[in-house]
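Following: one structure in structure tokens, then a few remarks.
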Amino acid sequence: MKRKPIKKIGVLTSGGDCPGLNAVIRGVVRAAAEREWEVLGFTDGYEGMITPVRYRRLDAAGIDDIMAMGGTILGTTNKGRFVAKVGEGNKAVIPRAILSEARETFEGLGLDALVCIGGDGSLSTALQLQEAGIPVVGVPKTIDNDLNATAMTFGFDSAVAVVVDALDRLHTTARSHKRLMVVEVMGRHAGWIALHGGLGGGADAILIPEIPYRMDKLVQFVKNRTQDGFGSTMVVVAEGAKEQGKKLATKEAKLRDAGEVRLGGIGEQLAVALEAATGQEARSVSLGHLQRGGTPSALDRILATRFGVGAVRLIEQRRFGQMVSYLRYHVGGVPIAKAVGTLRTVDPGCETVAAARSVGICFGDD
Ligand code: F6P
């Protein structure tokens with residue numbers, strides 16, 4: 001049977017923004033233009049697909065200059081009617097009426113496929129749209145690098161570069177004042193940013209959600225350093241890191257739309273506690289959304305472009321329900337279902353953690 005030719009596709013960005021989103025959009029639009037497909041970009045994530053429907057036509061000339069831009073020209077949201085994540089890995093069911101309305105919009109605009117660029121929650125939504133009759137392909141996105149079935153997501157390298165640059169700057173002031181410096185970075189369930197940023201930026205201690213730390217071990221580590229003649233100590237802590245037997249540091253008591261609570265504050269808490277226990281003056285810095293903003297690194301621009309092109313290839317091959325993934329230096333496709341539901345966290349026994357320990361980095365557990 002002859003397949004219906006692809007003529008028109010939609011694209012959207014969903015969830016927290018991240019450097020490289022525009023480079024993916026550019027990759028999709030350019031690869032589509034090569035095939036003479038039309039591209040419509042929905043605004044504000046999946047929300048643009050339902051009342052009030054919002055989209056714009058994307059042509060290759062119009063998106064020529066977006067590669068190096070941070071954020072997303074299409075807008076995004078991690079709230080609203082399509083949120084499909086409740087805490088780690090749980091799938092929330094999106095009401096049938098919302099899914100049907102999105103399908104009506106899709107069909108009404110004469111679209112043949114939809115490219116959904118997002119993280120764990122947004123790709124869970126993509127799967128539900130697929131089940132509701134919209135042919136989707138996914139593009140994995142998150143600075144946290146915690147998606148399964150891909151060795152890397154774009155945005156991560158740029159976020160790590162921000163952390164390394166911040167540590168370079170903070171080392172000079174910490175050493176001058178012989179202070180303890182605690183730097184809080186993003187990473188709700190996974191410590192990839194803290195681990196890689198800390199390693200690349202010369203941190204002395206790295207605290208991640210996967211390795212609950214003990215305060216007495218950390219205090220002893222700082223005291224030993226002082227005794228050994230080190231004037232300052234640099235601690236990198238992921239926002240989701242936890243002291244053994246204690247609760248997460250949160251900014252709000254109530255759960256948000258996505259069933260998640262806003263994290264933050266562990267850096268300041270640690271600085272206060274470490275100063276009290278060691279007698280060394282301490283300061284804390286939270287890098288927050290600086291890690292998500294700004295221009296993508298070279299590596300992220302290249303990966304994002306390859307992902308955009310890969311998404312178009314998946315559509316061409318009618319591999320709907322799949323997402324592009326980067327495995328063994330190759331961009332291919334895997335079922336979205338393999339990527340969502342559980343997060344890819346740092347294995348405490350992995351070679352990177354072992355290498356960090358081998359250069360004397362303390363994880364607060366021994
Ligand atoms: O993209 C994931 C993430 O960066 C988490 O590490 C962080 O907890 C969250 O986004 C913050 O999101 P928001 O933009 O809602 O503050």
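Along the sequence shown, residues carry numbers from 1. When a ligand or atom number is given, it counts from 1 through the structure's own listing order.
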Would you find a donor on one side and an acceptor on the other, under 3.5 Å apart, between the side chain of T105 and the backbone of E101?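 Side chain of T105 to backbone of E101, a donor-acceptor pair under 3.5 Å: yes, one is there.
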Any donor-acceptor N/O pair, K141 side chain to G155 backbone, under 3.5 Å: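 Answer holds: no.
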Partner of L199 under side chain to side chain contact (heavy atoms under 4.5 Å, CB included), chosen from V160, I361, V164, V353: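 When side chain to side chain contact (heavy atoms under 4.5 Å, CB included) is applied between L199 and each of V160, I361, V164, V353, only I361 qualifies.
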Any idea which part of N78 is under 4.0 Å from ligand 1, heavy-atom wise: side chain, backbone, both or neither?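 Under 4.0 Å from ligand 1, N78 contributes side-chain atoms alone.
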Part of H289 with heavy atoms under 4.0 Å of ligand 1, whether side chain, backbone, both or neither: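 The part of H289 near ligand 1 is the side chain, not the backbone.
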Close approach of D144 to ligand 1, heavy atoms, under 4.0 angstrom: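 Per 4.0 Å heavy-atom rule, D144 contacts ligand 1.
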So, does Q291 sit close enough to ligand 1 that a heavy atom of it is under 4.0 Å from the ligand?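 Per 4.0 Å heavy-atom rule, Q291 does not contact ligand 1.
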What atoms of ligand 1 come closer than 4.0 angstrom to any heavy atom of G187?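 That gives atoms 6 (O) of ligand 1.
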So if I apply the side-chain hydrogen bond (donor to acceptor under 3.5 Å, both in side chains) rule between E47 and each of R54, R81, K79, which one comes out positive?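 Of all the options given, the one that passes is R81.
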For the atom pair CZ (R344) and CG (D146), what is the distance rounded to the nearest 0.5 Å?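 Result: 8.0 Å between the selected atoms.
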Out of R188, R262, R292, whose heavy atom sits nearest atom 11 (C) of ligand 1?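 Nearest heavy atom to atom 11 (C) of ligand 1 lies in R292.
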